Structures are given as structure tokens and as C-alpha cells.
Novice: 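Provided herewith is a single structure, encoded as C-alpha cells, for subsequent inquiry.
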There are 2 protein chains.
Amino acid sequence: MQTFKLIVEYDGTDFNGWQIQKTGRTIQGQIEKALFTMTRQPVRVTGSGRTDAGVHALGQSAHFRCQTRLTPDAFFSGLNSLLPEDIVIRSCTRESETFHARYDVRQKTYRYYILNRPLAPAIGRQYAWHIAKPIDIKAMVQAARHVKGTHDFGAFENTGSPRSHSIRTISTARFLTDAKDPQIIFEITANGFLRYMVRNILGTLVETGLGRMTPEEMPAILDSKDRSHAGATAPAHGLFLVDVEY
Amino acid sequence: MQTFKLIVEYDGTDFNGWQIQKTGRTIQGQIEKALFTMTRQPVRVTGSGRTDAGVHALGQSAHFRCQTRLTPDAFFSGLNSLLPEDIVIRSCTRESETFHARYDVRQKTYRYYILNRPLAPAIGRQYAWHIAKPIDIKAMVQAARHVKGTHDFGAFENTGSPRSHSIRTISTARFLTDAKDPQIIFEITANGFLRYMVRNILGTLVETGLGRMTPEEMPAILDSKDRSHAGATAPAHGLFLVDVEY
């Protein structure tokens, strides 16, 4: 058996998420189909985690194991010629037989894109959450400081995710753009994320940016561990999984 | 009768071009449908020119005339709420009754986006021409200098466009990006463009960038007025109409 690691870029617009479902087009499903074409074996692809329907990736990671004479380069080229154009394999490398794309994750980084201006965009509308009302980015920066560090993120978790506990460590939670730039980029790095955690945190930060709550309310929301205390889930199409570290 | 001017942004991906056709979804068709809903009159929309299937616009211009009590603001809001999300009205203003979106054009500016790197993109693939082989941007810059000024652009014109002659004046033809940046942006401004002219010029510049011809061959291609001497037509999806001046 040999183990291969993939780094995958995809446009989540036309996918029902990463993970194979009974119905709907999925990234995992498309890659497994292409691997079957190449190897004539059923090959299971394990991602670093699932991304939800509509979420994009610039650097999702995954592994698969199979008995093959094919080289990583052959998989790289073969998969890219077989896959639809909304999935691109950025790299394929051989890994030790114990490598596991989910269990071995050290940190993951997501970016969330907001376009904050009165006018909706036609170009690029599938890659950013358009918010027409003016956002106070300073309030969002202040609120974001409170989520850094090790906390129980139960208040920012949607149900339905298998996990032993909801404590995670966020090492980075910052905005990459200046005030007055209509494009707002939020970057968050943690050792793991709960279901909808980025979208729930971002949705709550936006509430502070819109003046519906204050940044100082963030610690109480965290302490409550109650999902109903946090803001609404931000839409999927602004979210990008950009990097997975091992 | 009142005359209104629209500035329109659209994602050309899912359109059969600007102009109403017997079949297929068009930008003009969608706007006229929305205007009929608002005014209960058949209203003809005249663009600054047609854009071909797949071409995008950040600043297409158009006018329409009708008898109405609706204000420009009412059209702006009403159209944006009625139109599909791949068309956005950026502004609606009242103009003098003689204003004509096509006849009164002084200059138009297009941008063409190329992504020059080995790996195809999944994100944003609908907004740039991906060229995997390395391009010599210096050669393209040199070649572009030759198209500036007033010339007969017959060599860069596809047949089927109604026009009295093929002489046009290009005031700007430049690259906005540095060498080594994988994103190459070409900007071109002229007092008018023939059918496929930008895509044919850009396609020819790319031939020089790939070393298939030299920049010094450009004047002879222009002089030939023969379409078969120029390079292949660049794909539609890298092209954006960015501004129309009156």
C-alpha cells in the first residue's frame, strides 16, 4: 500500500460540499471517480475535514492509499485531466504510510471575504458575502480579539458534528484589509474547527460591525456555550479553506 | 419622452452576449424584460455596442427612452431588484433627449485578464484566460506599442460586423502588471472597436509572448489588413468592458 497526499483547490459554487452524499455532486465524489478511472480500484479519499455546500478551497488537503505503480506526478497530471474544471489538484506527494489527512492536522486557516458597499457585485458575486450597510471594521477587529486563544466554542457550533469536546485554540483571528476598503478579508487559524464555527464567528463579528451588539459582549457569548446567544451563520460562499498544516 | 442612461455590470458567463437573439439569454433581453415589468411598455435598450457571448462588463453603457413618471432612482432600484444577480445596474441617470449610447461614444476601454502559470485555477477560472506556458511579457509590451495610434485594423477584424470602414484610433494599449506576476492585465482604449478586435489583438500579442512571432512583425500584419496574418482570437471569458466615455 502506498499513501498519497493531495492539495486541492475547488470552487464550491456547484458542489453539495466536500463529502460524498447520497445525492448531489461532491468534491470527494469527483476525485474518487477520477481515481477509479486511473487505478480501476475503489479508492477512498479522506479530506482534512469536510467543507459545507458552497464553501470554496484554495488549499484543502486529503490522502488516499492504494497499491499502484503510478507516481505522484502521474496522479497529479491524470487527476487534473480527468477532473471537472471547478476542481484543481495543486499537488500530489507521497507520504509515509501512517499519514492521515484528518488526524494529523496541526492547524487550519480559513479566509472569509466580505464586499461592503451599497452596490451588489455581478463579477465575483460567488466569492464574497455582499453587505450593503456600512460596517464598522474597528468594532469587528475588537470583537475578534476575544475569540483568540483556547476556549470552549460551543456557542459557535452547530449541532450534528461528531467531536469529543468543543474546546479549540485559535492562534490567529485578524482582518487583512484597511478600513474603507470595500473588500474585507477575515483570516482565522486554529488547531481545529467545529461545524459552522468560522461562519458563526464571522456572522457574530458582523453583528458588532453593524452595531447590533458590542465587542465587549463576545466573552459572555463564549462563556454561555449557547448557540442562540451568537449571531447568525454567515453565508457559505464567502468562505475559503486556504491552508492545512501538518 | 424621457431618456435614461444606464451603466451596467454583468458576468457574461451565462449569457449569449449583450444583444437580443432569437434564442439564448442576453443582457439586453433581461433588461428589456425588467423595464417592461416596471413600465408596462415595450422599451428598447440600446447599448454602447454589443459584447460577445462570454464577455464580461464592469461599465457597459446603454440608453432607453420612454414616457414615464418614474425617476432615475426608481429605475435604479427597481431594475436591480428585478434583474438576475449576474446583471447589476451601477447607475441610472437622466440624459438629454438627443443622447445616444452608441453614436455618442468618444472612447471605450477594455481590459483583458490572463493567468500565466502552469496550474489552471478553479477559483476565478471564468474571469481570466489561463495560459500554462511561460509568456515573455516584454515581447508583448513591445508588440503592443505598434497598435497604438490611428490605423486600419482590418487585420484584426472578424467578418460580420456592420461598419463603414475599419480605421480606428487606439489611445492606450498597455499592460498593467509587472513581469513575474502570474496575473497579466492588458488595457486598451480606442474611439471604437471592430468585431473581435480586442480579442484578435490580444491573441496576436500572446503569439509574440510565446515566441511564435516577433514584435517587429506587428506593422506588417497591420499593413496587410488580412485577418489570416494575425493571431488566433483570444477566448471571450478573459475580456471585460470597463468604461465607456461620452
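Please read these numbers as outputs of a predicted model, since none were measured by experiment.
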Novice: With a 4.5 angstrom heavy-atom cut-off, could you sort out which part of A/Ile123 is near chain B: side chain, backbone, both or neither?
Specialist: both

Novice: Enumerate by number any residue of residues 236-246 of chain A whose heavy atoms lie under 4.5 Å from heavy atoms of chain B; in the absence of such residues, state 'none'.
Specialist: A/Phe240

Novice: Name the member of B/Ile89, B/Leu58, B/Val88 that forms the most heavy-atom pairs with chain A at distances under 4.5 Å.
Specialist: B/Val88

Novice: With a 4.5 angstrom heavy-atom cut-off, is it the side chain or the backbone of A/Pro121 that approaches chain B, or both, or neither?
Specialist: both

Novice: Under the rule for ring-ring contact (aromatic ring centres under 6.0 Å, His included), what residues qualify as partners of B/His130, not counting sequence neighbours?
Specialist: none

Novice: Specify which of A/Gln126, A/Glu9, A/His56, A/Arg90 makes the most heavy-atom pairs with chain B at under 4.5 Å.
Specialist: A/Glu9

Novice: How about residues 73-84 of chain B versus chain A: which residues have heavy atoms under 4.5 Å apart?
Specialist: B/Phe76, B/Asn80

Novice: Anything in residues 10-34 of chain B with a heavy-atom distance to chain A below 4.5 Å? Please list those residues in order.
Specialist: B/Tyr10, B/Asp11

